[in-house]
Structure formats: C-alpha cells, structure tokens
Number of protein chains: 4
Amino acid sequence: MPKRVDRTARQEEILAAAVKVFARKGFAASRIEDVAAEAGIAKGSVYLYFPSRDALLAGVFESYAAKSEPASADPGTGSALDRLDHLVRATVEMLAAHPDHARVLLDVWASNPPLDLADMYRRHRGAIADLLVEAAAAGELRTGIGAPHAAVIVGAIEGCLVQSLADPDVSLSELAEPILQVCVAGIRR
Amino acid sequence: MPKRVDRTARQEEILAAAVKVFARKGFAASRIEDVAAEAGIAKGSVYLYFPSRDALLAGVFESYAAKSEPASADPGTGSALDRLDHLVRATVEMLAAHPDHARVLLDVWASNPPLDLADMYRRHRGAIADLLVEAAAAGELRTGIGAPHAAVIVGAIEGCLVQSLADPDVSLSELAEPILQVCVAGIRR
Amino acid sequence: MPKRVDRTARQEEILAAAVKVFARKGFAASRIEDVAAEAGIAKGSVYLYFPSRDALLAGVFESYAAKSEPASADPGTGSALDRLDHLVRATVEMLAAHPDHARVLLDVWASNPPLDLADMYRRHRGAIADLLVEAAAAGELRTGIGAPHAAVIVGAIEGCLVQSLADPDVSLSELAEPILQVCVAGIRR
Amino acid sequence: MPKRVDRTARQEEILAAAVKVFARKGFAASRIEDVAAEAGIAKGSVYLYFPSRDALLAGVFESYAAKSEPASADPGTGSALDRLDHLVRATVEMLAAHPDHARVLLDVWASNPPLDLADMYRRHRGAIADLLVEAAAAGELRTGIGAPHAAVIVGAIEGCLVQSLADPDVSLSELAEPILQVCVAGIRR
DNA sequence: CATGAATGAGCTTTCATTCAT
DNA sequence: TATGAATGAAAGCTCATTCAT
C-alpha cells in the first residue's frame with residue numbers, strides 16, 4: 001500500500017523531467033536540483049529513486065534504447081526491401097517524435113562512466129543486416145550489397161538526426177524520403 | 001624571434017595535448033591540469049594561451065573543422081559524380097586518420113556554451129549539394145535526387161564515424177566502400 | 001495494558017538495538033535507520049520514543065551509567081579494603097560483561113552536545129574514596145594513601161577497559177587480578 | 001624554490017589548527033572550514049596538504065603518537081624501578097602539557113575508519129613491561145608482579161587522563177604522585 | 001613568460017527530522 | 001501508534017581561475 005504514487009510511476013516522472021532538462025541545457029550543465037525542480041520535487045527526493053546523477057543519465061539512455069528498439073518487432077509483410085523501407089521509416093519517425101531523448105543521446109557520449117552505445121548500434125545494425133541478407137537472397141539487391149551496408153543505413157539515419165539536432169533548419173522528418181531514396185531505393189537491383 | 005617557440009607553435013602544442021587528453025577520458029572528465037601535464041607545462045601556463053577551459057574545447061573543435069573542411073578545395077577533375085566520389089573518400093580518410101579529433105567532436109555536443117556545429121555541417125552539406133546539383137544538371141543522377149540528399153550523404157559519413165567510435169569492431173576505413181556504393185553508386189542514373 | 005508492549009519496554013528495545021549498532025560501527029557512522037532496522041521497526045517510529053539521534057546516545061549512556069553505578073549499593077561485609085576489593089572486582093566484571101555498552105562509552109566523548117561523563121566518574125571516585133578513607137582510618141593503608149588515590153583506581157579500571165577495547169589481545173577479565181594486585185594489595189600497609 | 005613556506009611547515013600549521021579546533025568542539029562537530037579558518041587559509045587549501053577530513057584526524061593522531069612515544073628513549077640511570085618512576089612521570093607530564101592532543105585522542109575512538117590505537121597502547125605497554133621484567137629479575141618487585149601489570153600502569157595513566165579531561169576539577173599533574181605511589185611504590189618489594 | 005600555491009564558488013550526496021496516511 | 005516518502009540544510013570535496021614570485 002504505497003503512499004500515493006508507486007515507485008515506478010514516480011521514477012518515470014523523474015526520468016521525464018531529466019530528459020527535458022538534459023535536452024535543454026545538456027547533461028554536463030544540468031544539476032540534480034534542476035531535474036528535481038522540473039519534476040516538482042525536492043533535490044533529495046531524486047535520490048530515493050536514482051542512486052546518483054550518472055544513474056539518471058543511464059536511466060534516460062535506457063528508456064531511449066528501449067524506444068529505439070527496432071520497430072522491427074513487427075514482422076511486417078511484403079518483400080524484405082519493403083520491410084526495410086518500413087523499418088527505416090518507423091525509426092526516423094520515432095526519432096523525430098522524441099527529439100529530447102535524441103538530444104540526450106549525444107550527451108551519453110560524454111558520459112563518465114561510458115554507457116553502452118555500442119550495443120545499441122549493434123542491435124540496430126543487426127536488424128537491418130538481417131533484412132539485407134534476406135533481400136540479397138531474394139535477388140532484390142544490386143550485386144555487392146549486403147550485411148556490411150547495414151552500418152551505412154544506420155549511419156545515415158543517425159547522421160541525419162545529428163544534423164537536425166544541430167541545425168534547426170534541418171528537419172529530420174523531411175529527411176525521411178531522401179534517406180529512403182538513397183538507402184533503400186538506391187540499393188535495389 | 002622569441003624564446004624558442006612562438007606563441008602559435010606553443011598554442012598548437014597545447015591543442016595537440018588537449019586532443020589527446022579529451023579523446024582519452026572525455027572533455028567532462030578532463031582537467032586543465034591533465035592537459036598541462038600532457039603538454040609538459042604548468043597548469044597556469046595554459047592560461048597564457050587560452051582564456052578558459054571552454055576555449056580549449058573550442059580550439060580543438062576549430063582545428064577539427066578546419067581539417068574536415070571539404071578537401072573540395074581541390075576542384076578536381078572528371079564528372080561531378082567522380083568528384084563526389086573523391087570528396088567522400090577523402091573525407092572518410094581524413095576522419096579515419098584523426099580518430100582523436102573525431103572523438104572530441106562528440107564532446108563538443110555536450111559543451112556549454114554550445115559550439116557551432118551547425119555551421120560545420122552546413123558547409124559540408126553545401127559542398128556536396130553543389131556537386132549533386134551539377135551532377136543532376138549533367139543528367140548523371142536518378143530522377144528525384146538532388147540537393148536535399150546532401151544531408152543523407154553527410155549523415156552517412158558522420159553516422160558511420162559515430163559507430164566506429166562507439167564500437168571497436170566497426171572500422172571506418174572499411175566502411176568507405178559501402179558508403180560509396182550506397183551514397184554515390186546508388187544515386188547514379 | 002496497551003497494544004502489546006508498553007512505552008518503556010519498547011524504549012528499551014530500541015536502546016538495546018542502538019547499543020548493538022553503535023558498538024558495531026560507532027555512533028558517528030550509525031544512522032537512525034540502522035537502529036530502527038536492528039530494532040525491527042520503521043525509521044519514523046524511533047521518534048515516537050526518542051526526540052532525536054542525540055537523545056538515543058544519551059539514553060544509551062544513561063543506561064550504562066546506571067549499570068556501572070557502584071555495585072557498592074551492597075554495603076558488603078568485611079574490612080574496608082575487602083569491600084574495596086569486592087567493589088573493584090564487581091566493576092570489572094560488570095564492564096567485561098557488557099562490552100557493547102563500554103564501547104559506546106567512548107563515542108560519548110565525541111558527542112555533541114557533550115554528555116555528563118564528569119558526573120559518572122565523580123560518583124565512581126566518591127564510592128571508592130569513601131572506602132579509602134574508611135580503610136585509612138582503620139589503619140589498613142600505607143601512609144600517604146587516601147581519597148586522592150581513588151582517581152588512580154578508577155583510572156586503572158577505565159584505562160584497562162580502553163586497552164581491551166582497542167586490542168582484542170587484551171582481555172579485561174584477565175586484567176582483574178593485576179588491577180587488584182596493584183590497586184588494592186599495593187596500597188595495603 | 002618553494003613559494004613561501006615549505007610543504008612540511010604548512011602541513012604542521014594546519015595540523016596545529018586542527019588540534020585546536022578538534023579539542024574545542026570535538027572532531028565530529030568540526031568542519032574542514034573551521035580548521036581552515038583557524039589556520040587562516042581557505043577551505044580548499046587544506047586539501048593541498050591532506051587528502052580528506054579523516055586524514056586530518058589521522059595526522060593529528062600520528063603527531064600525538066609520536067609525542068607520546070615513551071620518553072623511554074632516555075635509557076636512564078638507576079634501578080629499573082627508578083627508571084619506571086621516571087618514565088611514568090615523564091609520560092604524565094607530556095600528557096598534561098598537551099591537553100589538546102590528548103583530548104583529540106578520544107575522538108580517534110569514534111573515527112571511521114578506525115585508527116590504530118591498539119598499536120600505540122602496545123608500544124606503551126611494551127616499554128613498561130620491559131622495565132617490570134628487569135625489575136623482577138633484580139628482585140625489586142613483590143612476588144607475582146610482572147609484565148602483565150604493565151597494562152594496569154598504562155591504564156592508570158590513561159584513565160587519569162580521561163578523568164582530567166572530563167572534569168576540570170581533576171588535574172592530571174596533581175595525579176602524578178598518586179599514580180606513582182600506587183603503580184610504582186605499590187609494587188615494590 | 002612560467003609557475004603552482006591559493007582561492008572559493010558550486011556541486012553531489014547524506015540523513016535527521018517531519019508528517020500525511 | 002506506526003510508517004516511510006519527502007524534505008532541505010549541511011558538509012565534503014573538486015577544480016577553474018588568479019596572481020605573487
């Protein structure tokens with residue numbers, strides 16, 4: 001019989017506040033007190049849910065990683081390339097819909113201790129590589145295109161995200177089509 | 001002819017030391033004293049060349065931006081697409097040759113005050129967009145491919161760089177060909 | 001007959017828990033929550049019985065002072081020196097039997113605000129001084145021995161206790177005889 | 001060519017300030033800033049000489065232990081018991097002359113992590129035990145008196161010190177004679 | 001120019017205490 | 001009574017920056 005809100009709900013409130021604050025001023029310049037204020041609680045209360053400032057960043061990263069988990073959960077229909085198209089589109093849309101989370105991802109780079117970005121990218125590449133291999137087997141791809149190109153596709157998405165975060169004139173949503181034209185249509189036989 | 005090294009030379013020694021240190025432990029965890037030690041000088045002396053810790057990061061960023069300044073300075077020869085191929089290749093090689101600088105670029109994201117990443121990306125996109133427009137005019141591109149796709153190409157390079165920095169198993173050099181196959185060969189008519 | 005245990009009984013349960021915890025890690029490093037956990041109750045409940053953390057230490061000290069209250073309550077039989085022998089022996093045994101309380105006594109020194117150790121020592125010296133005066137009057141003591149030597153006897157006991165607490169190789173029980181030989185036999189005419 | 005004062009001198013200034021402050025309000029209630037203020041320097045400067053607050057207490061303890069190192073360094077002259085008399089007297093005088101250090105010793109008990117009091121007592125007992133054994137061999141002691149009684153003598157001194165610290169009415173200096181009468185004269189054959 | 005001791009603002013973290021349930 | 005989530009004052013420690021030498 002918890003007092004009012006259960007641990008998980010309160011934890012997520014704090015995480016949501018942290019995402020906002022970190023996105024606004026960067027993790028390095030964000031104080032625990034800023035997060036607490038944004039969440040409408042006292043500084044010390046943050047520590048009832050997260051053991052340290054770093055854990056807060058890790059928490060945000062995890063929630064991001066979960067969100068960005070390939071929407072490929074959806075087995076999809078159609079050819080492998082169609083499903084690749086769908087996966088890329090879904091990923092871009094997800095990222096465009098959560099710019100704050102995406103912005104914090106960049107802070108994760110500077111995190112100390114380092115958080116496991118490698119694993120996240122590995123999973124993304126894996127999901128795409130699987131589709132590429134399948135498409136190649138079905139003869140849908142140009143000669144010479146295969147699993148190694150997954151990194152390029154993941155990179156194109158990530159790189160466009162970065163540009164959109166750095167430059168308000170660049171819209172990630174509007175880059176969805178160009179990405180697909182280059183990364184999907186461009187590799188088709 | 002002052003003491004032994006002139007102001008500029010000493011400044012660059014310090015910048016070189018800063019790149020090494022920042023790349024090793026991240027900007028956030030790097031102290032002025034670490035940089036001074038790496039440069040073999042005293043902490044206070046750093047301030048004779050840089051007004052603040054942030055200025056040091058800015059200096060490193062500027063030297064990176066200069067390096068990454070499109071090798072397009074070289075007007076090059078051949079068709080626009082050939083020159084695009086050359087530009088992408090040169091950029092990837094430059095990045096692969098300076099992993100420390102590249103690593104620090106990510107810290108620039110977390111910098112406070114923010115440094116002008118937008119401008120750097122803008123210039124990269126501009127150089128590539130020019131070639132795309134020229135190639136399109138020459139009828140070398142598939143229909144629908146043009147300036148907006150410059151962001152995708154820049155992104156693919158940047159995104160592959162990020163993956164290679166995050167994951168020692170990913171080699172940027174080895175991604176050069178896949179990038180070209182997708183981003184250059186893939187847009188050819 | 002309230003709930004299950006009356007106020008006093010519950011207070012003493014908490015005090016017993018406090019002694020254990022304080023003896024284990026020292027007062028300075030002991031948190032109210034540690035004491036509550038040891039007592040099997042919630043943190044906040046401690047405050048229903050003690051107004052503050054300091055009051056907890058004071059409570060432990062008082063219970064110690066009460067215990068160490070000269071067993072001289074027993075008027076005893078035999079000569080004054082025999083009764084002194086008995087008193088010293090009883091005191092040492094009491095201390096040896098309650099090492100936790102004794103350990104906490106040392107924390108009382110570091111307490112802020114200070115607790116009245118002076119009074120406790122005064123009472124100990126008083127009880128012993130009375131016996132010394134009586135013994136002197138009966139001609140049982142060497143010339144020059146009297147009330148001022150009570151501090152030495154109290155000190156010898158206290159000092160041996162301290163050594164036994166500091167060093168597991170020193171056993172207070174085994175020091176009982178040496179103390180008596182020096183402090184009682186040694187002052188006999 | 002140090003700036004103005006050498007490390008060691010400055011370290012001792014800080015230690016001296018620490019002793020004063022700790023003696024005045026107890027270690028637990030003493031803040032680093034209090035010590036710095038007493039030493040006339042800034043808070044942060046303390047950390048140039050001591051790595052932590054605990055190290056400050058350890059430093060004070062060490063300087064105390066050094067001071068209290070048996071004045072027995074003096075091989076002395078006369079019988080073993082004469083030398084014991086001299087040693088006890090010198091020890092008491094040293095303690096009486098440095099009440100601040102002695103007061104801090106009690107805080108050392110509450111220290112976390114614990115400092116090695118056991119070793120200090122061991123050395124004191126050892127010095128005295130040596131004299132007792134020598135005196136026994138020379139037939140100067142009552143039957144049954146020997147090395148184990150060293151703990152009683154050390155304890156008597158320590159215990160008297162404690163009483164004098166707790167109670168301004170008790171003077172350690174004035175207890176020197178009673179201690180000698182009980183602990184030295186009392187064990188003589 | 002070079003140095004590195006000194007400074008002190010500022011941050012993270014802890015925990016005694018309170019109080020709504 | 002009992003609870004434990006919430007609070008916020010307090011303190012240890014770090015480190016960018018300054019400046020006397």
Side-chain angles (χ1 to χ4, degrees), chain A residues 1-7 10 28-36 39-56, chain B residues 2-7 10 28-37 39-56, chain C residues 2-7 10 28-37 39-56, chain D residues 1-7 10 28-36 39-56:
Chain A
M1 173 181 49
K3 197 63 70 74
R4 210 177 58 197
V5 297
D6 61 304
R7 276 200 79 72
R10 182 53 67 100
S30 298
R31 311 293 132 218
I32 287 281
E33 183 141 31
D34 300 329
V35 174
I41 62 178
K43 185 173 36 159
S45 302
V46 172
Y47 286 89
L48 296 175
Y49 299 90
F50 294 90
S52 72
R53 182 171 172 273
D54 283 340
L56 216 37
Chain B
K3 274 293 166 67
R4 206 185 66 198
V5 294
D6 62 306
R7 241 197 121 62
R10 179 57 67 97
S30 299
R31 313 289 131 228
I32 287 280
E33 183 140 30
D34 301 330
V35 173
I41 61 177
K43 184 170 38 160
S45 303
V46 172
Y47 285 86
L48 297 174
Y49 299 90
F50 293 90
S52 74
R53 182 172 172 270
D54 284 338
L56 218 36
Chain C
K3 275 292 167 69
R4 205 186 67 198
V5 294
D6 62 305
R7 237 195 125 61
R10 180 53 68 100
S30 299
R31 315 285 130 231
I32 287 279
E33 183 140 32
D34 301 328
V35 173
I41 61 178
K43 185 168 40 160
S45 303
V46 171
Y47 285 86
L48 297 174
Y49 298 91
F50 294 89
S52 75
R53 182 171 172 268
D54 284 338
L56 217 37
Chain D
M1 173 180 49
K3 199 62 71 70
R4 211 177 59 198
V5 296
D6 61 305
R7 278 199 79 72
R10 183 51 68 98
S30 299
R31 311 291 134 220
I32 287 280
E33 184 141 29
D34 301 329
V35 173
I41 61 178
K43 182 173 42 156
S45 302
V46 172
Y47 287 88
L48 296 176
Y49 298 90
F50 294 90
S52 73
R53 182 171 172 271
D54 284 340
L56 217 38

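Chain letters run A, B, ... following the sequence lines, proteins first, then strands; residues in each count from 1.
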Seminar exercise, completed: Sequence neighbours excluded, the answer for side chain to side chain contact (heavy atoms under 4.5 Å, CB included) partners of D:A28 is none
For this session: Could you pull out all residues at least two apart from C:Y47 that satisfy side chain to side chain contact (heavy atoms under 4.5 Å, CB included)?
Result: C:I32
For this session: For each nucleotide in nucleotides 7-14 of chain F, reading 5' to 3', give B when a protein heavy atom comes within less than 4.0 Å of its base, S when such contact involves only the sugar-phosphate, and - otherwise.
Result: BBBBSSBB
Problem set entry | Length of the CZ-P vector between C:F50 and E:dC15, whole Å | 21 Å
For this session: Would you mind reporting whether A:E33 and A:V46 have side-chain heavy atoms less than 4.5 Å apart?
Result: no
For this session: Starting from the C-alpha separation in whole Å, work towards a yes-or-no answer on side chain to side chain contact (heavy atoms under 4.5 Å, CB included) for A:R10 and A:I41.
Result: CA-CA 10 Å; A:R10 182 53 67 100; A:I41 62 178; 3.5 Å; yes
Seminar exercise, completed: To the nearest 0.5 Å, atom NZ of D:K43 lies from atom CG of D:D34 at 11.0 Å
Problem set entry | Strand DNA chain E in bracket notation, Watson-Crick/G-U under 3.5 Å with | for pairs to another chain | .||||||||||||||||||||
For this session: Answer yes or no: is there a donor N or O on one side and an acceptor on the other, between the side chain of B:R53 and the main chain of B:S30, under 3.5 Å?
Result: yes
Exercise. What's the OH-C1' distance between D:Y49 and E:dG4, to the nearest Å?
Worked result: 10 Å
